[in-house]
Chemist: 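Let me give you the structure first, and then I'll get to my questions.
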Amino acid sequence: MWRSLGVSPEELRCDVTLVCGQSFRWKPIAQNEWRGVISSCVITLRQTAYDVLYRSIPKDDVAPLLRDYFQLHVPLVPLYGQWCQADARFASVAPAFPGLRVLRTDPVECLFSFLCSSANNIPRITRMIDALCRRYGTRLAEVEGTDYHRFPTVYALAAASEEELFALGFGYRARVVVTVARELSERGEEWLYRLRNLPYEEAHDELTTLPGVGHKIADCVCLFSLDKPQAIPVDTHVWQIAQRDYLPELQGRSLTERVYRQIGDHFRARFGEYAGWAHNVLFAAELPAFRRRVLALQRDR
DNA sequence: ACGAATCCTGGGCA
DNA sequence: ATGCCCAGGATTC
């Protein structure tokens, strides 16, 4: 039996939000339906013309969990209005991506997901995370013939062997995952959760003390799981966007630490407190999987 | 401080 | 078929 989340498509659209590389745990199971795991719940979402509906196993009423996960306390429509005012370029792509929110994912899940992201692509990262959960995560339920697992704890990952992860197809990331898991199990998982209470810059710098975590991954974890909406992860796509649309004087330069910071500062100055959310829309418009939407929008004008 | 090579793998492309 | 390039990067030199 479906329950209503009571949120309009302008405030939340699942189609892009769930599969644009913030979380790698959602799978489309039918037209306008997705299934994934949040915490220890297997959740099914259905987008309708007026609302988002949900079902969950085993708990029934996971509305509070979902409202937190989608950060529904943040009104998105006014932010889109503000960003369109601030930037003509944003205004030209935003209509193709209504309701695109930044998720509030679990920090452990977020960190290990992005440790797998280096020199990689979204479909493959999704497969790797899937393998990781199946192998090291607690099994939660079987739904329609598919097993769903909780994301592994750092302690489970710390007990894994590099060889085994390599065999699962992690490549050179196998070592990074195991190393960070062992370091975090010594510091305790709480160390990571406590970063939510620190200012953005401090949380960012703390994260880079972990081996294999540079600016980009630190910013991903800050934005998608640590309540730092001003964090701007500059990946190759954002680097392209910055050179092409915002800071043409950077063309021909390379993405050094200084340049990285300069790009983030530019976005923060332009888009304000929730710059990371705005950046996420521009980023999605750049992904191969969604670029057609932008083209279609521009054709219709 | 900067730039380049290196690391696993899979898909797209010439 | 084969080789090359690139994909949500960090590290080393």
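Reminder, nothing fancy here: chain letters follow the sequence lines and each chain counts from 1. Being a predicted model, the structure only gives us computed values, none of them experimental.
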Chemist: Donor-acceptor pair, distance only, cut-off 3.5 Å: does the side chain of His149(A) make one with the backbone of Gly137(A)?
Modeler: yes
Chemist: Taking atom P in both dA4(B) and dC5(C), compute the distance separating them and give it to the nearest angstrom.
Modeler: 15 Å
Chemist: Looking for any heavy atom pair under 4.0 Å, which part of the strands does Cys116(A) touch: base, sugar-phosphate only, or nothing?
Modeler: nothing
Chemist: Determine whether a donor-acceptor pair (N or O, by modelled atom type, separation under 3.5 Å) exists between the side chain of Glu10(A) and the backbone of Val77(A).
Modeler: no
Chemist: Taking it one step at a time, do Asp147(A) and Arg134(A) satisfy salt bridge (Lys or Arg N to Asp or Glu O under 4.0 Å)?
Modeler: CA-CA 8 Å; Asp147(A) 281 336; Arg134(A) 268 205 305 275; over 6 Å; no
Chemist: Do you know which two heavy atoms are closest between Ala91(A) and Cys84(A), and how far apart they sit?
Modeler: CA-SG, 3.7 Å
Chemist: Expressed in whole Å, how much space separates the P atoms belonging to dG8(C) and dG12(B)?
Modeler: 13 Å
Chemist: Using a 4.0 Å heavy-atom cut-off, does Ile125(A) contact any base of the nucleic acid, only the sugar-phosphate backbone, or nothing at all?
Modeler: nothing
Chemist: Taking CZ from Arg258(A) and P from dA1(B), how many angstroms apart are they, rounded to a whole number?
Modeler: 9 Å
Chemist: Test side chain to side chain contact (heavy atoms under 4.5 Å, CB included) on Leu210(A) and Ile217(A); report intermediate values, then the result.
Modeler: CA-CA 11 Å; Leu210(A) 292 168; Ile217(A) 290 177; over 6 Å; no
Chemist: Let me know the distance between CG of Leu255(A) and P of dG8(C), rounded to the nearest Å.
Modeler: 15 Å
Chemist: Measure distances between side-chain N and O atoms of Lys216(A) and base N and O atoms of dG9(C), and say whether any donor-acceptor pair falls under 3.5 Å.
Modeler: no
Chemist: In this structure, how many angstroms lie between the P atom of dG8(C) and the CZ atom of Phe24(A), rounded?
Modeler: 9 Å
Chemist: Starting from Leu140(A) and following side-chain heavy-atom contacts under 4.5 Å between hydrophobic residues (I, L, V, M, F, W, Y), which residues can be reached?
Modeler: Val37(A), Val42(A), Ile57(A), Val143(A), Tyr148(A)
Chemist: Given the C1' atoms of dC2(B) and dA7(C), what is the spacing between them in whole Å?
Modeler: 24 Å
Chemist: Rounded to whole angstrom, note down the C1' distance from dC6(C) over to dC8(B).
Modeler: 14 Å
Chemist: Looking at Thr256(A), I'd like to know whether one of its side-chain N or O atoms comes within less than 4.0 Å of OP1 or OP2 on dC2(B).
Modeler: yes
Chemist: Is there any protein nitrogen or oxygen under 3.5 Å from a nitrogen or oxygen in nucleotides 11-13 of chain C, and what are the pairs?
Modeler:
from, atom 1, to, atom 2, distance (Å)
dT11(C), OP1, Gly212(A), N, 2.7

Chemist: Expressed in angstrom and rounded to an integer, what is the separation of Leu115(A) atom CG from dG8(C) atom C1'?
Modeler: 13 Å
Chemist: Within the structure shown, what part of the strands sits under 4.0 Å from Glu286(A) by heavy-atom distance: base, sugar-phosphate, or nothing?
Modeler: nothing
Chemist: Does a donor on one side chain and an acceptor on the other come within less than 3.5 Å for Asn280(A) and Tyr274(A)?
Modeler: no
Chemist: For nucleotides 5-9 of chain B, list the nitrogen or oxygen atoms of the protein found under 3.5 Å from its nitrogen or oxygen atoms, one pair per line.
Modeler:
from, atom 1, to, atom 2, distance (Å)
dC8(B), O4', Tyr172(A), N, 3.2
dC8(B), O2, Arg124(A), NH1, 3.4
dC8(B), O2, Arg124(A), NH2, 3.3
dC8(B), O2, Arg173(A), NH1, 3.0
dC8(B), N3, Arg173(A), NH2, 3.2
dT9(B), O4', Arg124(A), NH2, 3.1
dT9(B), O2, Arg124(A), NH1, 2.9

Chemist: Tell me, please, which residues at least two apart from Phe90(A) pass ring-ring contact (aromatic ring centres under 6.0 Å, His included).
Modeler: Tyr80(A), Trp83(A), Phe271(A)
Chemist: Ring pair (Phe, Tyr, Trp, His ring centres under 6.0 Å): which pairs involve residues 165-193 of chain A, sequence neighbours left out?
Modeler: none
Chemist: Any donor-acceptor pair under 3.5 Å linking the side chain of Arg268(A) with the backbone of Gln230(A)?
Modeler: yes
Chemist: Could you state the atom-to-atom distance from CG of Asn280(A) to P of dG8(C) in whole Å?
Modeler: 14 Å
Chemist: To the nearest Å, give me how far apart CZ (Phe114(A)) and P (dA10(C)) are.
Modeler: 12 Å
Chemist: Would you sort out whether Arg104(A) and Arg196(A) count as a side chain to side chain contact (heavy atoms under 4.5 Å, CB included), showing the intermediate values?
Modeler: CA-CA 11 Å; Arg104(A) 188 174 194 253; Arg196(A) 278 182 165 162; 3.5 Å; yes
Chemist: OH of Tyr260(A) versus P of dA10(C): gap in Å, rounded?
Modeler: 7 Å
Chemist: Return yes if a side-chain donor-acceptor contact under 3.5 Å exists between Asp106(A) and Tyr69(A), otherwise no.
Modeler: no
Chemist: Anything below 3.5 Å on both distances counts as a pair; with that, list the stems of at least three consecutive Watson-Crick or G-U pairs involving DNA chain C.
Modeler: B:3-7 with C:9-13, B:9-14 with C:2-7
Chemist: Nearest-Å distance, CE (Met128(A)) to C1' (dG11(B))?
Modeler: 15 Å
